[in-house]
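Some notes on the structure that comes next.
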Number of protein chains: 4
Amino acid sequence: MHLNTTSPMSVDKKDHIINAAMELFAEKGFEGTSIRDIAAKADVNLAMVNYYFGSKEKLFEAMVEQKATFMRGQLEALESDKELTELEKVDRIIEAYVDRFLSNPGFHKVIQQEMLKSQREEMHQKAINIFIKNTQNFNSIIEKGIKKKVFKKVDPPLVFASIIGTINQVLVSKKVCNVFAGKDPCYDPYTDEHFKKRLLTHIKQMIHSHLLNQ
Amino acid sequence: MHLNTTSPMSVDKKDHIINAAMELFAEKGFEGTSIRDIAAKADVNLAMVNYYFGSKEKLFEAMVEQKATFMRGQLEALESDKELTELEKVDRIIEAYVDRFLSNPGFHKVIQQEMLKSQREEMHQKAINIFIKNTQNFNSIIEKGIKKKVFKKVDPPLVFASIIGTINQVLVSKKVCNVFAGKDPCYDPYTDEHFKKRLLTHIKQMIHSHLLNQ
Amino acid sequence: MHLNTTSPMSVDKKDHIINAAMELFAEKGFEGTSIRDIAAKADVNLAMVNYYFGSKEKLFEAMVEQKATFMRGQLEALESDKELTELEKVDRIIEAYVDRFLSNPGFHKVIQQEMLKSQREEMHQKAINIFIKNTQNFNSIIEKGIKKKVFKKVDPPLVFASIIGTINQVLVSKKVCNVFAGKDPCYDPYTDEHFKKRLLTHIKQMIHSHLLNQ
Amino acid sequence: MHLNTTSPMSVDKKDHIINAAMELFAEKGFEGTSIRDIAAKADVNLAMVNYYFGSKEKLFEAMVEQKATFMRGQLEALESDKELTELEKVDRIIEAYVDRFLSNPGFHKVIQQEMLKSQREEMHQKAINIFIKNTQNFNSIIEKGIKKKVFKKVDPPLVFASIIGTINQVLVSKKVCNVFAGKDPCYDPYTDEHFKKRLLTHIKQMIHSHLLNQ
DNA sequence: AATGAATGAGGATTCATTCAT
DNA sequence: TATGAATGAATCCTCATTCAT
């Protein structure tokens, strides 16, 4: 009843709670975060969380729903684009992922954590399905390139795993990044354009050498 | 006092508990796993866990300690090996990581989860430090190769992130792997030599193209 | 202030809420029923219940008040009736109770439950008082009959207990009744005239044999 | 695991908790009683209740189990007894029920309350089944008497309802009983042998007049 | 060395109620 | 008059841990 109402007032507060939750989930994991923590961080009454979302699990799902909406559709559009070469499409994909992951490091850490577990089977499956679909889109681009002899005979799903895996590995720890970027440990590399550029360059160069003949 | 006693009997039991704990941590995360779960899975008395390890957190650390011991030293040995070329060293490293990660998927999932969080600061820091050290070892090999003009001017820490990230990405979900390996969802790809070969080939080819001129 | 306003609109809604509440109280008990349940069943806003009745407890009292009003006064009138013999009066009483209890099984289940408890002392006392008064009315009729040597020397309050107790026992469970009436378990025996007749006949015969000499 | 262990120590405490729970359930109903109340009354730690019984509902079931065990089997034995006449059997049954109900008024109040509701379907059904079985035992005795022309053609299940209903009605409220026994309101009539005798006499006389020709 | 019993703290959730509009 | 939003208190239950034996 009240759960789906999006009355003008509650929207802000819902978002507010979702953002607080996301940060805590990223930091402490789903079960490591208590509703008390969330309520405290969002500075709302403890009961509000259940009032708005029904349960901690539903709050999690609402968060995924909200954050995931941002990034839907872009990849599908790319695949069928006639203007771009396969290599250009791969570059666009890399750019899109780097951009998204670095812009929402908290969210992607949460998702990564949940994918590593096998609890919350429904969520897990949902995330897996999105991932599989994305991989398939990527695969078909790569296979087209291979058929056209523009690309070498590579292993498409593993190429995709390398792209996503590299970005995820970077997300694992600010601190590691900072060591190699020569910054102090509290610095946030994800919002640093220079760091983003560096990551993009690395992935593109690596994938290009891997895909292209000669 | 009793924590460090390693009477012949208790060693087996401790290992037994550690293994049960590791599986559950991998599956459900650290806070998602209760001592009750662990005691039940290991089929020991609930109080045994605290009796042997002192606390849940210390059990976690004991697990890390035990599992990490397996893989220490190998990389250090490699770096100073005079017999091998830089490329051979890189290959050995890739082989070592693929082997370890696929042999102990549970453990690496746990570690990955913990590195994504920033709770348990001590553990986190310890894991980060190991990772930094490994990266530095790798870096110095790559840099030597660059200096010798055997390797292109790449971004060493990110190359390392790509290797580890690719393997981690594969660990994320059996299910995703099985979709692309054409296996049924319950199949365990990590123990499949054919799958391991495929992963190795992909990483080596990708890293070779990236590192080598022409 | 607003509690006693009986504006034309609200009367229907109040009744509506009371009826919903009564059904739920009968089914799940007073504390087993939440205001949310009631509001949902009556299809009114959650806050309406407190708005109209002030509290859950006052709603309960309003329900008792409303339902009890139906059956007041009848017994008092009987006692002083000069036209009827004592036996006829007893029969009228039996008829009245059977009729009321079977017509309002929900209400009487609620009352019975509340009398069994000793919470809500005020309500409890009120119900007890009504019961005592009814018993006294009945007693004085029986005692008159005994004095006139029409009735045997029985134990009046226990005779009353047997009448009410028999009917209450029948209310306890539709299912038990249906087993012995040969009906299927979902059948509602309370609205079945045949069943009512059977119950009436049993009580009258039993009480007659008990009261009458020979 | 620990739930069914009946180690020497815990038995007393379990019984202690069960007794505390029974009194409170009788007084305030199942949902009206909190685990806090029970723990406080039994003077044990709050968590003990769940430790021993697993849940509030299971505690309830354990209570029923324990208390119901006392009175099993007696009625079955009666039915097949060749030494007794049907009337004697009926008398034994009446005596047995009066004795049990007055000895365990709390328990029978709880059961009565639960039978009036239709929550906790499993419990409800279990109670109903016991009741049906008892009624059937009683029926077959009455029917034998009718066949032998010792009893009039009565309605057996309703005769049983009158016996049980009368006793239950007496249980409803000490206070009502005391008004008619001329005692003060705090007096406990259930343990008063004189009161018990009076109740027994009433029921027997009433049932005898009802069953016997002439 | 090993464990059943016990516990205090905290978990998520639901409650009746109130309040601003 | 009527209601969506909000809340503090209380619910049951599970947790990691400790202790007596």
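In the text below, chain A, chain B and the rest are named by the order of the sequence lines, each starting its count at 1.
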**Report entry** Selection from F:dA16, E:dT3, F:dT7 that lies nearest to any side-chain heavy atom of B:K56
**Finding:** F:dA16
Query - Pairing residues for D:Q119 by the side chain to side chain donor-acceptor pair (under 3.5 Å) criterion, not counting sequence neighbours - result: none
Query raised in the report: Can you name the closest pair of heavy atoms from A:M115 and A:A127 and give their distance?
Result: CG-CB, 3.9 Å
Report summary line: Assign each of B:M48 and A:E57 the nucleotide of DNA chain E bearing its closest heavy atom; nearer the 5' end lies the nucleotide of B:M48
Answer yes when [X] and [Y] have at least one side-chain N-carboxylate O distance shorter than 4.0 Å, and no when they do not.
| X | Y | value |
| --- | --- | --- |
| A:E114 | A:K126 | no |
| D:E27 | C:K117 | no |
| D:E31 | D:R120 | yes |

Nearest-angstrom distance from the residue atom [atom1] of [X] to [atom2] of [N]:
| X | N | atom1 | atom2 | value |
| --- | --- | --- | --- | --- |
| C:K14 | F:dA2 | NZ | P | 11 Å |
| A:D12 | F:dA6 | CG | P | 11 Å |
| D:Y52 | E:dG4 | OH | P | 13 Å |
| B:I17 | E:dA1 | CD1 | C1' | 13 Å |
| A:F53 | F:dA5 | CZ | P | 13 Å |
| B:N50 | F:dT18 | CG | P | 7 Å |

Query raised in the report: Any side-chain N or O of D:K13 under 4.0 Å from OP1/OP2 of E:dA6?
Result: yes
Query raised in the report: Is any side-chain nitrogen or oxygen of C:Y51 closer than 4.0 Å to OP1 or OP2 of F:dT3?
Result: no
Query - Exam field: side chain C:N129 to backbone C:Q125, donor-acceptor pair closer than 3.5 Å - result: yes
Query raised in the report: Would a distance-only check, ignoring hydrogens and angles, find a side-chain to backbone donor-acceptor pair under 3.5 Å from C:K56 to C:F30?
Result: yes
**Report entry** Neighbour count above 12 (heavy atom, 6.0 Å) for D:E121 CD
**Finding:** yes
Query raised in the report: Counting a pair only when it is Watson-Crick or G-U and both distances are under 3.5 Å, which runs of at least 3 such pairs involve DNA chain F?
Result: E:2-21 with F:2-21
Report task. Taking only heavy atoms on the protein side, list every residue of residues 20-47 of chain D lying under 4.0 Å from any atom of DNA chain E, sorted numerically. Result -> D:N45, D:A47
Requested in this report: Quick one: pull up OG1 in A:T33 and CZ in A:F60 and give me the separation to the nearest 0.5 Å.
Outcome: 10.0 Å
